[in-house]
Amino acid sequence: MPLALPEGKRLAVSLGADFDAHCLWMGTFGISTPGYLSRGEFGAEVGVPRLLNLFAEYDIRTTWCVPSHTLRTFPRQCAAIVEQGHEIAAHGCYHEQVPKLDADEERRLLALQIADHEQLVGRRPNGYRSPAWDFSDATLGLLEEFGFLWDSSLMGRDFDAYRPRPIVTIDRELGNTFGDPSPLIELPVSWFLDDFPALENLPRSPAMGSTDTVFARWKDHFDFAYGRVPGGVFVLTVHPQTIARAHAFMMFERFVDYVAGHDGVWLTTLSEIAATYHG
Ligand SMILES: [Zn+2]
């Protein structure tokens with residue numbers, strides 16, 4: 001197994017938050033009207049303290065992926081996240097659509113967000129999570145160039161950390177080819193372990209799904225990882241503006257309690273998990 005977990009630990013678990021606030025609507029969806037932005041405001045004003053209280057209750061430190069736009073728009077909430085011992089990782093400047101950027105603009109935005117973190121968080125981020133979880137052809141190389149230690153945006157494994165490989169050629173008839181594994185450590189995400197597409201009311205595909213369905217899915221994923229992938233990693237993503245709604249939050253409280261009730265679960269930050277990688 002590529003992770004050397006601490007003695008007595010069976011599964012690394014990240015119950016992380018993507019604190020997108022306003023810029024999710026602006027960057028990914030191209031919307032900046034007051035109604036949508038108020039949903040981001042709810043995430044900041046209600047969601048963040050609600051999540052911080054829950055994490056404190058269970059003594060959980062975790063990783064918050066925060067775009068620069070949120071660092072600037074909601075500095076008080078970001079300061080509270082840091083004060084309570086959590087990690088802040090890079091998550092774009094304004095939740096930009098990374099696959100649509102040319103390499104020069106992508107490099108400029110990466111340099112800008114590192115400078116923003118140094119100025120506003122007080123440290124360089126160890127890790128990166130791409131907004132909306134997709135790369136351009138240049139992203140992997142740029143993350144290496146900027147010295148990131150880990151990424152958490154790809155889905156080439158489910159419960160194993162791995163070194164992602166660039167896809168060097170794409171050919172419909174001859175097949176595709178991979179390059180050499182990256183020095184970056186990938187801590188894989190999954191759309192099935194994300195509250196946003198399952199529970200939100202989205203402009204083009206209103207989900208507003210059942211929290212019972214989401215709980216059952218998350219529990220099955222956790223049970224599978226805990227039972228069958230010892231030494232693995234389970235990465236859940238919640239959004240303050242989504243998970244803090246009453247019905248969703250009560251489901252999340254049940255899920256946190258369920259996970260924390262298992263022996264050998266190591267609830268911690270993505271950087272601490274990445275530091276145990278030895279593959
Ligand atoms: Zn996001």
Side-chain angles (χ1 to χ4, degrees), residues 14-32 36-48 50-52 55 62-75 77-78 81 86-101 106 109-110 112-114 116-117 120-121 125-136 139 142-143 148 150-155 186-205 207 214 218 235-245 248 252 269-271:
S14 166
L15 302 179
D18 285 8
F19 182 19
D20 298 323
H22 283 176
C23 65
L24 165 71
W25 302 112
M26 298 163 58
T28 293
F29 293 94
I31 300 170
S32 54
Y36 281 92
L37 297 190
S38 73
R39 291 161 64 173
E41 180 185 350
F42 168 82
E45 297 293 341
V46 180
V48 169
R50 209 166 264 176
L51 278 173
L52 287 176
F55 291 147
T62 191
T63 298
W64 295 63
C65 298
V66 186
S68 301
H69 188 274
T70 300
L71 294 176
R72 293 190 182 280
T73 308
F74 297 104
Q77 289 82 353
C78 294
I81 291 165
H86 298 287
E87 172 180 30
I88 290 191
H91 189 45
C93 278
Y94 54 89
H95 223 268
E96 56 271 20
Q97 297 181 30
V98 172
K100 294 187 175 175
L101 302 175
E106 192 173 356
L109 292 181
L110 272 171
L112 187 58
Q113 64 196 275
I114 288 172
D116 287 338
H117 279 250
L120 301 168
V121 182
N126 290 333
Y128 177 78
R129 174 171 286 163
S130 63
W133 297 354
D134 206 357
F135 278 6
S136 74
T139 306
L142 287 170
L143 296 178
F148 283 98
W150 56 263
D151 173 74
S152 183
S153 316
L154 300 176
M155 307 168 208
E186 182 64 38
L187 301 164
V189 291
S190 164
W191 287 116
F192 299 104
L193 291 173
D194 184 327
D195 59 345
F196 192 83
L199 297 175
E200 269 299 346
N201 179 31
L202 301 177
R204 289 182 290 275
S205 55
V214 172
W218 291 359
V235 180
L236 184 81
T237 303
V238 297
H239 296 73
Q241 61 184 291
T242 308
I243 204 68
R245 296 287 173 189
F252 189 51
T269 64
L270 291 173
S271 282

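Every number for a ligand or one of its atoms is a count from 1 in the order of the listing.
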Short N/O/S contact of C65 with the Zn ion (ligand 1) (below 2.8 Å)
no
Contact check, side chains of W150 and T63, non-hydrogen atoms, under 4.5 Å
yes
Of all the atoms in H95, is at least one N, O or S atom closer to the Zn ion (ligand 1) than 2.8 Å?
yes
Nearest 10°: the angle subtended at the Zn ion (ligand 1) by D20 OD1 and H91 NE2?
80°
Would you compute the distance between atom CG of L270 and atom OG1 of T62 and round it to the nearest 0.5 angstrom?
6.5 Å
Between H22 and F74, ring centroids under 6.0 Å
yes
Report, as yes or no, whether the 6.0 Å neighbourhood of atom CZ on F42 holds more than 12 heavy atoms from other residues, nucleotides or ligands.
yes
